[in-house]
Amino acid sequence: MREITLSQAVNEALAEEMRRDETVFIIGEDVAEAGTPFKILSGLVEEFGTDRVVDTPISEPGFMGLAVGAAMTGTRPVVDLMFGDFIYLIMDQLCNQAAKTHYMSGGKMSAPLVLRTNMGATRRSAAQHSQSLHALVAHIPGLKVAMPSSAYEAKGLMKTAIRDNNPVVIFEDKLMYNDKAPVPDEEFLIPFGEANVKRAGSDITLIGTSSMVQVCEAAAEILAKEGIEAEVIDPRTIVPLDEETLIASAKKTSRVIVVDEGHQSYGITGEIAGRINEKAFYHLDAPVLRMGAMDVPVPFSPALEDITVPTPEGVAENARKLMSGEMIHAA
Amino acid sequence: MVKTKTNTEDYLRMYRQMMRIRSFEDNANQLYLSAKMPGLTHMYSGEEAVAVGICEALKVTDKITSTHRGHGHCVAKGANFKEMFCELLGKEQGYCRGKGGSMHIADQSNGNLGANAIVGGSMGIATGSAFTAKLLGKDDVTVCFFGDGATAQGLMYEVMNMAALWNLPVIYACENNGYSEYTKTEEIAAGSITARAEAFGIEAHQIDGQDVLAVNELTQKLVARARKGEGPFFMELMTYRYHGHHVGDINREYYRSKEEEKEWKENRDPIIKFRSWLVEQGIASEDEIEAMNAEIKKDAEEAVAYAEAAPYPDQSEVDMHVFTDVKHALA
Ligand SMILES: Cc1ncc(C[n+]2csc(CCOP(=O)(O)OP(=O)(O)O)c2C)c(N)n1
Ligand SMILES: [Mg+2]
């Protein structure tokens, strides 16, 4: 199968959906001629014109609000938010407006839009350009949240997101834009709420989101050499969450680590751990372990930044401790 | 522009400060090109007369807020090269102990409340600083630096309204360099920028930002009036950035022509213009200026060498400074 980058995968998904449905349009800063600072959208304005690939002023709440209104009245906007960190600027439009439109109207209106943005630290971009803020929006009922872990997921999830009738937020890891993965030539979609078992194993379950899937896979490699068989699961969407697959794996292996790049406290790892505790408690041999990003703003200095995110070695280390029973008495 | 010799020192300091900014940026760019600098940075070269003309009209106790393109403001407000380069390289002796980096450099000792990686993000802060001055009966003035692109942020209009209602001692200084990222200002700003301030009853001036004396003269007048409670004021300073949007923006002919860059660099350079004026007026000889340039260049190079050799912060600093009253947040 051919291999393409995550960035090309997003580009292809958008182009295909824009060809299929003329109500789909892209709006955001420097999305047209510049094709975004990451050059993800290059070529789209040439094919679809400036009416459907719309450059905006630096007015995030403005164009987000505009997209909500446009979505409510018959179009399918794909909003490009240059950095995930800017989500704080658009929270009202996203969470008070888009997320609640369908519910508050008793099901009579909806806001079928996609918010494309990014996440991920270790790019030396400091505290306001490195955050992974998916937990903030996953907390809000009415928003779906997708976290592609490779080019394949990026394409399949984007196409599903555009066709979904709800507001969907997609977080792409900005360090993965140039990573290649096999992606079929033929059209495909990835349904929401279906986790992907990336690697089967019987000793311990490693659940990872976005780039942390690769971290879990690398940890599983390390562990395999030591005779520990880890199962690696990528939920792919955190709202909706494929509880069934996660719970089944937890019951099978009896030990689970959840790895995510959002801050550890009050985050995705805690949510998933909580659900597993509720539904697989009597099958567990150890507490479900959370591994998120350190609870500090992302520091600029390379000497500090690198230690704030989970690494394969760190995951493997914790897996060993869980296997040996050390963690059970840790507290 | 006939000036008396009594101002000689002031003029020479203005020249020196502009040259120091240029020299700082040349070195920072070199650090990036030689892959010694973590991440990206935005060069201030070409805009020196704005920061220097304004900051030379301020006292140490006056405050400024800065932007992602903030090295110039930082130098102009009195910062040292060593601490600045250390910050750019993420070293412990940097102004922010390596935690902030280029986009968050701040120098509290000289009243620089900090650069900001959120476009428009400092407008509230500047206005709040002016509010403090009024509330506590100090005569401090705050200058809020921001770009033409930032005029698209709604926050600006909210705070200008309050500043005008309450006569706050704040000067909004819009550095109009013709571009926001890869887009021309006229494509993102409708109508007139100064008229927007005028709509709130704020006195607004448009001025040549390449003429350091003109900028300084106007700022002195406005600062004096702001101290007496006649603020706020608004300045639109017409200027130009010589480099790309950031140091990595090398191929930029698709949005900005080489001829245009050449025209500004050769015929409108603030340093060349001021230098000829100094010589013409007999304030400094060519030799004296060359000696000053050489000294500044040496200072900058020494500071770079110092910063390169300086240590990174100890890893134990990673959870320090999360809260003011807690030494280690995660201990
Ligand atoms: C809220 C927000 N939106 C977008 C960006 C990305 N961004 C960084 S600088 C910039 C352009 C700013 O233009 P301008 O205000 O004119 O300043 P200049 O870079 O020209 O000095 C953009 C869009 C950002 N940092 N913050
Ligand atoms: Mg600009």
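Letters go in sequence order (proteins before strands), and every chain restarts at 1.
- More than 12 non-hydrogen atoms from other residues, nucleotides or ligands lie less than 6.0 angstrom from OH of B:Tyr157.
- Comparing A:Met294, A:Arg123, A:Glu29 by how many heavy-atom pairs each has under 4.5 Å with chain B, the most go to A:Met294.
- By the salt bridge (charged side-chain N to carboxylate O under 4.0 Å, His left out) test, B:Glu83 pairs with no residue at all, sequence neighbours left out.
- When A:Asp295, A:Asp55, A:Thr308, A:Asp30 are compared by the number of non-hydrogen pairs under 4.5 Å with chain B, A:Asp30 comes out ahead.
- No more than 12 heavy-atom neighbours from other residues, nucleotides or ligands sit within 6.0 angstrom of CD on B:Gln108.
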Quick one, B:Gln153 with A:Glu60, criterion side-chain contact (heavy atoms from CB on, under 4.5 Å). Give me CA distance, side-chain angles, the key distance, then yes/no.
CA-CA 8 Å; B:Gln153 287 287 338; A:Glu60 289 84 2; 2.7 Å; yes
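- Ranked by heavy-atom pairs shorter than 4.5 Å toward chain B, the options A:Asp85, A:Val298, A:Ile307 are led by A:Ile307.
- The number of heavy-atom neighbours closer than 6.0 Å to NZ of B:Lys327, taken from other residues, nucleotides and ligands shown, is 12 or below.
- Taking the ring axis of A:Phe300 as reference, the NZ or CZ atom of B:Lys91 does not stay both within 45° of it and closer than 6.0 Å to the ring centre.
- If you tally non-hydrogen atom pairs under 4.5 Å between each of A:Gly62, A:Ser59, A:Ala32, A:Ser125 and chain B, the highest count goes to A:Ser59.
- For chain B, no part of A:Phe83 is nearby; none of its heavy atoms comes within less than 4.5 Å.
- Annotation for A:Phe86 and B:Ala117: closest pair CE2-O, 4.4 Å, computed over non-hydrogen atoms.
- Residues of residues 186-200 of chain B lying under 4.5 angstrom from chain A, judged on non-hydrogen atoms, are B:Ile188 by number.
- Most heavy-atom pairs under 4.5 Å with chain A: of the set B:Ile118, B:Val119, B:Leu330, B:Leu40, this distinction falls to B:Ile118.
- At a 4.5 Å heavy-atom cutoff, B:Leu155 makes no contact with chain A through either its backbone or its side chain.
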Please evaluate residues A:Gln128 and B:Asn116 with respect to the criterion side-chain contact (heavy atoms from CB on, under 4.5 Å), reporting the C-alpha separation (whole Å), side-chain torsions for both, the decisive distance (0.1 Å), and the verdict.
CA-CA 8 Å; A:Gln128 295 174 344; B:Asn116 209 304; 3.3 Å; yes
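- Atom NZ of B:Lys36 has 12 or fewer neighbouring heavy atoms from other residues, nucleotides or ligands inside a 6.0 Å radius.
- Below 4.5 Å, heavy atoms of chain A meet heavy atoms from B:Tyr254, all part of residues 250-261 of chain B.
- Contacts of residues 93-106 of chain B with chain A at a heavy-atom distance below 4.5 Å involve B:Gly98, B:Lys99, B:Gly100, B:Gly101, B:Met103, B:His104, listed in sequence order.
- Heavy atoms of A:Thr56 lying under 4.5 Å from chain B belong exclusively to its backbone.
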